[in-house]
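This report refers to the structure that appears directly beneath it.
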Amino acid sequence: MEILYLCLFAFLAGLIDSVVGGGGLIQLPALLVFLPQVALPTLFGTGKLAGIAGTSVSMWRYARNVEINWRALLPAAATAFVFSFLGARALSHFNADLLKPLILVLLVSVAIYTFFRKDFGAIHAPRLPQSREIWYGMLVGLVIGFYDGFFGPGTGSFLIFIFVGVFGFNFLAASASAKVVNVATNLSALLYFGYKGHILYHIGIPMAISSVLGSMVGTRIALAKGSGFVRKLFLVVVTGIICKFAYDTFLK
């Protein structure tokens, strides 16, 4: 029964993550609730196996329907891969909980800005020259890659906000672009956890299949509804992340 429930949550996480990110905030708590006896690194590794399956399929479906700037995103993904691994290694030397107040402030700022800028991400109008897109992409990969390896929650939402605000993408193109970088960070973390033996494959594989199905549904909805729908769901998910961070930071 635990696997069945975890598959249901993996489906929901894959659906939400495929549109605006934040699937980890659904999947990881479910793993903590239904597998309380399992060590935390193993829960992370098992969740990453499910997460990368859904994110990869989502990226593939977006790539078939949305123009993706591979010239800028592939260097960003490669940088994110390296720095996600370094972030995971750094986690053993620092207390990630110290970041929570700062991340909470950043998320609140993102939500307020997106809410009041009604035209934010409505039009796809890339504003950077190609050469700067590559360097900016690598900088994004460095910062977000390290953050995802070190801490993680909200990575997809931060990527979408950056691709809209800095690169000038609309929300649909930004969501597609975020998946490219997210696949790289997830793969890096998955290799690390797999090497350390922190993956429960008999649970992770059924969850991965469920995540793929959820991603297929979510991507189809996002492509059909367009950037306006993605923007609204983005605000809902970011608000949920803010509430989770506030609870963990001040009340837990």
Side-chain angles (χ1 to χ4, degrees), residues 10 13-14 16-18 20-28 31 38-60 62-63 68-97 99 103 134-163 174-201 203-205 207-208 211-212 215 241:
I16 297 296
D17 196 73
S18 67
V20 291
L25 292 173
I26 298 172
Q27 191 163 262
L28 183 57
L31 285 163
V38 177
L40 196 58
T42 303
L43 294 181
F44 281 145
T46 304
K48 285 294 183 184
L49 177 60
I52 194 173
T55 305
S56 299
V57 169
S58 178
M59 181 187 72
W60 172 68
Y62 274 123
I68 293 179
N69 186 351
W70 295 105
R71 179 185 175 91
L73 289 174
L74 288 180
T79 307
F81 179 90
V82 173
F83 279 86
S84 178
F85 181 83
L86 295 176
R89 292 291 300 273
L91 182 59
S92 61
H93 302 289
F94 299 96
N95 184 4
D97 287 341
L99 283 177
I103 302 304
I134 294 174
W135 288 109
Y136 275 53
M138 292 178 69
L139 180 60
V140 169
L142 186 157
V143 175
I144 299 298
F146 187 87
Y147 170 77
D148 193 31
F150 184 74
F151 195 58
T155 296
S157 300
F158 278 130
L159 282 169
I160 291 174
F161 183 80
I162 291 170
F163 283 125
S175 183
S177 301
K179 298 299 170 291
V180 178
V181 179
N182 230 169
V183 166
T185 60
N186 284 341
L187 177 60
S188 179
L190 182 65
L191 291 174
Y192 178 80
F193 285 121
Y195 174 74
K196 293 292 186 178
H198 292 309
I199 299 176
L200 298 175
Y201 290 97
I203 294 176
I205 291 175
M207 288 182 67
S211 180
V212 166
S215 292
I241 296 173

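Among residues two or more places apart in sequence or in another chain, the side-chain contact (heavy atoms from CB on, under 4.5 Å) test is passed with Val82 by Leu86. In this view, Phe193 satisfies the ring pair (Phe, Tyr, Trp, His ring centres under 6.0 Å) rule with no residue, not counting sequence neighbours. Residues satisfying the ring pair (Phe, Tyr, Trp, His ring centres under 6.0 Å) test with Phe163, not counting sequence neighbours, are Phe167, Phe169. Taking Ser58 as the reference, Thr219 meet the side chain to side chain donor-acceptor pair (under 3.5 Å) condition, with sequence neighbours excluded. For Leu187, the side-chain contact (heavy atoms from CB on, under 4.5 Å) partners are Ile52, Phe81, Leu191, not counting sequence neighbours. Every residue two or more places apart in sequence or in another chain that forms a side-chain contact (heavy atoms from CB on, under 4.5 Å) with Ala63 is listed here: Ile68, Trp70. Residues satisfying the side-chain contact (heavy atoms from CB on, under 4.5 Å) test with Ala208, not counting sequence neighbours, are Ala53.
The shortest distance between side-chain heavy atoms of Asp148 and Asn182 falls below 4.5 Å. The shortest side-chain heavy-atom distance between Thr79 and Val181 does not fall under the 4.5 Å cut-off. Proximity of Leu31 to Met207: side-chain heavy atoms (C-beta onward) are separated by under 4.5 Å at one or more points.
Looking at Lys48, its side chain never comes within 3.5 Å of a backbone N or O of Ile199 through a donor-acceptor pair. With hydrogens and angles ignored, the 3.5 Å screen pairs a side-chain donor or acceptor of Ser188 with a backbone N or O of Phe85. Looking at Ser215, its side chain does come within 3.5 Å of a backbone N or O of Ser211 through a donor-acceptor pair.
Rounding to the nearest 0.5 Å gives a distance of 7.0 Å between NE2 of His198 and OH of Tyr192. Atoms OG1 and CD1, on Thr155 and Ile160 in that order, are 11.0 Å from each other to the nearest 0.5 Å.
Scanning all heavy atoms of the two residues, the minimum distance from Gln27 to Ala50 falls at OE1-CB, 3.6 Å. Nearest heavy atom pair, residue Gly156 against residue Ala178, reads O-CB, 4.2 Å. Minimum heavy-atom separation, Lys179 to Ser18: CE-O, 3.4 Å.
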Which pairs would a plain distance check flag for residues 134-146, meaning a side-chain donor or acceptor within less than 3.5 Å of a matching protein atom at least two apart in sequence or in another chain?
{"from": "Tyr136", "atom 1": "OH", "to": "Arg132", "atom 2": "NH2", "distance (Å)": "2.8"}

